[in-house]
6 protein chains.
Amino acid sequence: MKDQLTHTDQAGKASMVDVSDKPVTARTAGASGAILMQAKTLAAIRDNRLKKGDVLATARIAGVMAAKRTHDLIPLCHPLVLNDVQVAINERDDGKGLNVATSVRTSGKTGVEMEALTACSVTLLTLYDMAKAIDRHMEMTDIKVTSKAGGASGDWSLDDQ
Amino acid sequence: MKDQLTHTDQAGKASMVDVSDKPVTARTAGASGAILMQAKTLAAIRDNRLKKGDVLATARIAGVMAAKRTHDLIPLCHPLVLNDVQVAINERDDGKGLNVATSVRTSGKTGVEMEALTACSVTLLTLYDMAKAIDRHMEMTDIKVTSKAGGASGDWSLDDQ
Amino acid sequence: MKDQLTHTDQAGKASMVDVSDKPVTARTAGASGAILMQAKTLAAIRDNRLKKGDVLATARIAGVMAAKRTHDLIPLCHPLVLNDVQVAINERDDGKGLNVATSVRTSGKTGVEMEALTACSVTLLTLYDMAKAIDRHMEMTDIKVTSKAGGASGDWSLDDQ
Amino acid sequence: MKDQLTHTDQAGKASMVDVSDKPVTARTAGASGAILMQAKTLAAIRDNRLKKGDVLATARIAGVMAAKRTHDLIPLCHPLVLNDVQVAINERDDGKGLNVATSVRTSGKTGVEMEALTACSVTLLTLYDMAKAIDRHMEMTDIKVTSKAGGASGDWSLDDQ
Amino acid sequence: MKDQLTHTDQAGKASMVDVSDKPVTARTAGASGAILMQAKTLAAIRDNRLKKGDVLATARIAGVMAAKRTHDLIPLCHPLVLNDVQVAINERDDGKGLNVATSVRTSGKTGVEMEALTACSVTLLTLYDMAKAIDRHMEMTDIKVTSKAGGASGDWSLDDQ
Amino acid sequence: MKDQLTHTDQAGKASMVDVSDKPVTARTAGASGAILMQAKTLAAIRDNRLKKGDVLATARIAGVMAAKRTHDLIPLCHPLVLNDVQVAINERDDGKGLNVATSVRTSGKTGVEMEALTACSVTLLTLYDMAKAIDRHMEMTDIKVTSKAGGASGDWSLDDQ
């Protein structure tokens, strides 16, 4: 890996990375994160799901839509044509809230880690929004890239480490 | 506080909360979060700042712009006319990365916690984007609301607790 | 009612209607529309719902989000601070598809018919998108304003007529 | 054609269709729809056109711009690089309003029916907006795909049937 | 007038100006600008207008829509509820191109100069876009605020000076 | 070069140019423009920069983000996947303000002059916004394309002429 920031020039100015000479390849990235909440909050969300409610669907849809807008939110991200965005929400084994896992695929010149992370963050924010009236102490945490494949820097996965 | 999700109706369907009958009041909210990174990554960002570089400015600007788009990202958030958005980025005392603190003010019918959280999340994502080429193990964490004032549910702050 | 287009000046040029001198009042509007489809298509959607699937939730969320973007899609619409957007999807009595009904509320200087219609149209488009692989002959129809209240032109409802 | 919804997984959850393995091909789609109105309303629009007015141009431009935003409005649509968007508005033979016809072309991995339909719907909504002050009983109807070419599911046209 | 930048804090960091304590007042602003072009280019645009063509209408609509997005383009601008946006395009007396004049009105806590300037700039850009295939030497120039009324800094107009 | 507007059909109606049959090639475009201001205004901006302030960074970031939204602002522009956007701001030799120079690169079917011009215009507008409280007589001027390479119409540069 490099030791210098790639998004700044020699004078320290922020700028996009020119990807003109990179090949178009199939690329994927995965990200994950969690929202921690009180037991009663998780119970309310679980209860909504049992009633065929929309809370998890709304959060997933928000995550998918946010992935498509990543380049519009993150100043130096390149616009990309995405092939797929997946968002999964599951209860944590420790009962302390929900885990979110996302994966994004493209055929492009740059990786899609930021798209996977943005989908994850906005899914978490949407869960927060829907539960905030019953729990003001929720916390979003552990948001990170979990895997990456298809670019020049090589494939890797958190699980390999 | 309530025990039921406010953003779902009795059938469990997601829906906006009707705020027609709420008064317009001055409201503020604060949020915070952190991005954890390797020492060399933090050193690269610090070095950029010493060179009058743009990394922190880019992240702050992204956060401010995201706050203004919160209702466009979070499905059931109300559009709001924001009076102020502030984003501060500081090195953590433990040297493990950067803390982000945001505050948002409005004159409106609903609170601005989601705007403060969205600003915080997108600031963190932008920092991640600019440093990801030198550190693939960064993590965004501890994203939460830190204070709220001006609404019917009463003023509060994490520091009071 | 008037006999001249309000969104064009005397030379015929399109322009916004200046609402500076209109009072801020509580306003609501309702709209409805339908998507007609084959019986097997409706069965597939019904089956998804029975499985606690997301098809209807996705369409409702898309409608709510579109309402908030109405002024960004319809060139001469005024930006508005919406208080509430509701979207309901129901099977038609004749079994030929789904009906969509929307309602929108604001405290503003202009009516929200366009917001209600835009929510309705985008909900229908989203339903179309999700079912198009099994039915290429769907049709969206009967999209209209069903009620309006709170503006200078008086309250009315299709049901009154 | 298929019998199952393609935008939901086995658990019924909404998700994008992964198009990673689809080839990039030239694709086109056409859509049409109508707005029905009173004779005096149509006369006012016709009069505007005779005066070289902008009503039809405004609606066409809104339709073209909406096509480019389809993936931002319809949650599970893929972002696409569009090659062409055309919008035509013509008086109906029965004198009851206006017909809108759209066509969209891309070089991509998915079809552009949704882009053609979205352009058509937003063109109709814009016509509605500009005439609504003189006619509150307009109706948008018969919005459907009229032709499709270039994808794996084969070329077809409503006229062939 | 002040001598210090209002959009930076004492450390020089960019930030929004907090308008929480400003009153909501009726505000207007006007802006103007020009696009200079070859005689044959102006002739082609004039010819289009004589044919009831859409070139000027397209540019005006783009300007109106851009005004509504000002706060989404200019990082530190406040979101505003606009009451009116007007865009006029006229041939220059010297025959060297087109002049654009815009005016914007709001009831809000901040002025609308940026909205008037943004409408003007995007109108000019759209004219450029439509004529660029026949004239690569066009130039956009003299873009400035021409009048302002309704804020704490007092009313003024370029004509007064 | 042509003598007719390419963005209008024979009836004068505005429409996109169909680029389906154009090859995907590497394309670049450069643009420049200036903002003229009082000496004290320039001094305030210079002072901000000396303090490691954010004024120039904010304007550059706004320009980069605007380039990515060009097709969403200019009605008949094609959406493009951009490879690079660069924005530079420098003091003018005559001391009367700042010059902005932009360059944009894509691999696509159409040129990127509009992206370069849009980046330039929004950078200038952002500079205007941040300095407007101390100088109401600033002016944006000389906005033009300075070079273009990679398309069917041949490479050229203002410097060659």
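Chain naming here is simple, since letters A, B, ... match the order of the sequence lines and numbering starts at 1 in each. Not measured: the values here are computed from a predicted model.
Counting heavy-atom pairs closer than 4.5 Å to chain A, the top-ranked of the candidates B:T58, B:T6, B:T141, B:D129 is B:D129. Comparing B:M65, B:M130, B:K148 by how many heavy-atom pairs each has under 4.5 Å with chain A, the most go to B:M130. Most heavy-atom pairs under 4.5 Å with chain A, from the set B:V55, B:L124, B:T123, B:L73: that is B:L73. Interface check for chain B: of the options A:E113, A:M114, A:K144, the most heavy-atom pairs under 4.5 Å are formed by A:M114. Considering only heavy-atom pairs separated by less than 4.5 Å from chain B, the leading option among A:L5, A:I74, A:T126 is A:L5.
Minimum heavy-atom separation, B:G12 to A:N48: O-ND2, 3.0 Å. Summarising the geometry of A:A116 relative to A:G30, their closest heavy-atom pair is CB-C, 4.1 Å, with the distance given to 0.1 Å. What you find for A:L76 and A:A14 is that their closest heavy atoms are CD1-CB, 3.9 Å.
In this structure, chain B has a heavy atom under 4.5 Å from the side chain of A:S121, while its backbone stays farther away. With a threshold of 4.5 angstrom between heavy atoms, A:T8 approaches chain B through side-chain atoms but not through N, CA, C or O.
In this structure, the side chains of A:M37 and A:L98 come closer than 4.5 Å at one or more pairs of heavy atoms.
For the residue pair B:N99/B:S32, the side-chain donor-acceptor check at 3.5 Å is not satisfied.
Atom CG of B:D94 has more than 12 heavy atoms from other residues, nucleotides or ligands within 6.0 Å.
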